[in-house]
Amino acid sequence: MQKIDQQNMTAQKVRVRFAPSPTGPLHIGGVRTALFNYLFAKKHGGDFILRIEDTDSTRFVEGAEEYINESLEWLGLTVDEGVKQGGEFGPYRQSERREIYKKYADQLVETGWAYYAFDTPEELDKLRTDAEAEKKTFAYDMHSRLQLKNSLALSDDEVKQRIEAGEPWVIRFKMPEDTIVETKDLVRGEVKFNTNTLDDKVLYKSADKLPTYHLANIVDDHLMEISHVIRGEEWLPSVPLHIMLYRALNWEETMPQFAHLPLILKPTGKGKLSKRDGDKGGFPVFPLDWEMEDGIAPGYRESGYFPEAVNNLLALLGWNPGTEQELFDIDELISLFSIERVNKSGARFDPEKAKWFNQQHLMRKPVEELALMFSDDLNERGIAEDIAVIEKVTGMVRERVNFVHELWDQSFFFFEAPVEYDEKVVKKRWKGDVPAFMAELAPELEKVNEWVADDIKACISSKIEEKGLGFGLVMNAFRLALVGGGFGPDLMEIAEVIGKEETIARIKKACETIGS
RNA sequence: GGUCCCUUCGUCUAGUGGUUAGGACGCAAGGUUUUCAUCCUUGAAACAGGAGUUCGAUUCUCCUAGGGACUGCCA
């Protein structure tokens, strides 16, 4: 048996790539792959390259590439080289690199590592279904290739004839026999494969003059001088093919190192996280909103998540620094990240913890910044308030919310009088001597000269003392009048912000409305 | 079916050949508070199972079970 070891890289510049297909919105798992690539690159002073893998002409989706760009921009994962940014190794869109792949596909045929195959998709389909009927699996491999229509089984003349006649063909890799392929995966350690269990993958198709993923990937990673391939675990089974391709192309010396990331799984049940889980559980699985015929798939951005929070929560899905720290900004992630600390096992996505991350990052943000965002929300509601007031309000209620868009529900009473009163609270708090007291309190508050929290409190306190009522009792009723319910920040602060007139008006209105 | 990967509280995870197996989310109780939320304290909660190695295994090895990925002229 021959043994092929993955070569150790000589010290070279770290260059990693994120290589999505523009077949739809970027999935959150893809986003994490991008993030880990980015963190690894920046940690080692390297480059983060974005390559668009659009070799499947039938699955191309309009707008998907722009979606990818926008997602990475939103998250702050700055691309060093790519379609938009340019670079010395372009083009960065595989559909624009056709001639390059053709050359290497031809080379593989010439050197005997690959061959032409003329079997039609229909014929192969039939072989597969027939085999299935007998509880077997059809594979285009060392056992079957000589019985099929390809340049290994057909005469040279016939092959030539078929090609010249314009018959469609593909080039398949001729997987060698009895070879143990070993790789030292950066997260999984040593993994071995026997080539006898592998099939002859299609590398290139004449129909659209494009390579398949495997060839394009190897050629581009080599030509773009990629040092580390960090991708999802679903690629682990194709590692031996890839290593054999590097060998066949004589590029083993500079072959990148591999790291296969664990998958992100459903919150409950079996399988990996899908769009359906998001719909069911009410959380996004995409970074940005994505419009489809049957509605929009919600994105983290539009759902109110901060990019910092998304990076943070994604980073901790399958990685941790080994300390008890859980909250990080992107620079901390970069300095702390290490590929060796990436876990092997898949991680279930926890929507509750995702919210918690956002809340934590919300608390870390300056109030001014939150107030600005809240101000936009208020504008949309037709409320134009002084930014100083918005800042004050934001500061008072922000610890009660997970998202900026929840600020309104916790603070609407600062901007408009409550239109209804929570019945449960009315029943519990608006009873006994309290309504009468509230009616008497209004004129008393008129006498407060300087409308500030301390003086308002002093006024109310003395009145309470005079009547011999419980402070809590009165405050709850007062809260009901100002807020309409049993929640909210310090009452005196609320009263101060909404002003004397408004405070008194709300007390009077409560006395009238609730009483009747 | 075949190949490969994985397995610590419900979830994300730390950790070691000898630990009261640690933290976080969530949950529960108590405290603080004029309410709610925050905050604080406390609690319940895990080494998948079985062999083997060993004085001793959660930790090392093997097996089983369970989970996952791949098995396309998709990536």
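What you see below is based on every heavy atom in this structure, not just the backbone, and it leaves out hydrogens, waters and symmetry mates. Labels below follow one simple rule: chain letters A, B, ... track the order of the sequence lines, proteins then strands, and each chain is numbered from 1.
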Inset, instruction - Please determine if a side-chain N or O atom of A:N343 lies less than 4.0 Å away from the OP1 or OP2 oxygen of B:C12. - result: no
Legend entry - Selection: residues 21-28 of chain A, any non-hydrogen atom under 4.0 Å of RNA chain B: A:S21
Legend entry - Sugar-phosphate only, base, or nothing, as touched by A:V170 at under 4.0 Å among non-hydrogen atoms: base
Legend entry - Whole-Å P distance, B:C27 and B:U61: 39 Å
Legend entry - Minimum-distance nucleotide to A:K353 side chain [options: B:A24, B:C4, B:A37]: B:A24
Legend entry - Euclidean distance for C1', B:A57 against B:C47 (whole angstrom): 11 Å
Legend entry - A:N476 side-chain N/O to B:U35 phosphate OP1/OP2 under 4.0 Å: no
Inset, instruction - Evaluate the side-chain proximity of A:F328 to A:L316: yes if any heavy-atom separation is below 4.5 Å, no if none is. - result: yes
Inset, instruction - Could you say whether A:K344 or A:M475 is positioned toward the 5' end of RNA chain B, judged by the nucleotide with the nearest heavy atom to each? - result: A:K344
Legend entry - Residue whose nearest RNA chain B nucleotide is more 5′ - A:Q359 or A:T120: A:Q359
Inset, instruction - Quick one: label A:F193 by what it contacts on the DNA or RNA (base, sugar-phosphate, nothing), any heavy atom closer than 4.0 Å. - result: sugar-phosphate
Inset, instruction - Would you mind classifying the nucleic acid contact of A:R188 as base, sugar-phosphate or nothing, using non-hydrogen atoms under 4.0 angstrom? - result: sugar-phosphate
Inset, instruction - Describe the nucleic acid contact of A:A207 in one word from base, sugar-phosphate, nothing, applying a heavy-atom distance below 4.0 Å. - result: nothing
Inset, instruction - Mark up nucleotides 57-71 of chain B, 5' to 3', with B wherever a protein heavy atom is under 4.0 angstrom from a base atom, S wherever such an atom reaches only the sugar-phosphate, and - elsewhere. - result: ----------SSSSS
Legend entry - Nucleotide opposite B:U41 in a Watson-Crick or G-U pair, distances under 3.5 Å: B:A29
Legend entry - Touch class at under 4.0 angstrom, heavy-atom based, for A:R341 against every strand present: sugar-phosphate
Legend entry - Side chain to side chain, A:I171 and A:S206, heavy atoms closer than 4.5 Å: no
Inset, instruction - Quick one: look up who B:G66 pairs with, Watson-Crick or G-U, both distances under 3.5 Å, and put none if it's unpaired. - result: B:C6
Legend entry - Rounded C1' spacing from B:C9 to B:U32 in Å: 29 Å
Inset, instruction - Describe the nucleic acid contact of A:P489 in one word from base, sugar-phosphate, nothing, applying a heavy-atom distance below 4.0 Å. - result: base
Legend entry - Mutual orientation of the aromatic rings belonging to A:Y300 and A:F349 [parallel < 30°, tilted 30-60°, perpendicular > 60°]: perpendicular
Legend entry - Sugar-phosphate, base or nothing in reach of A:G485, heavy atoms under 4.0 Å: nothing
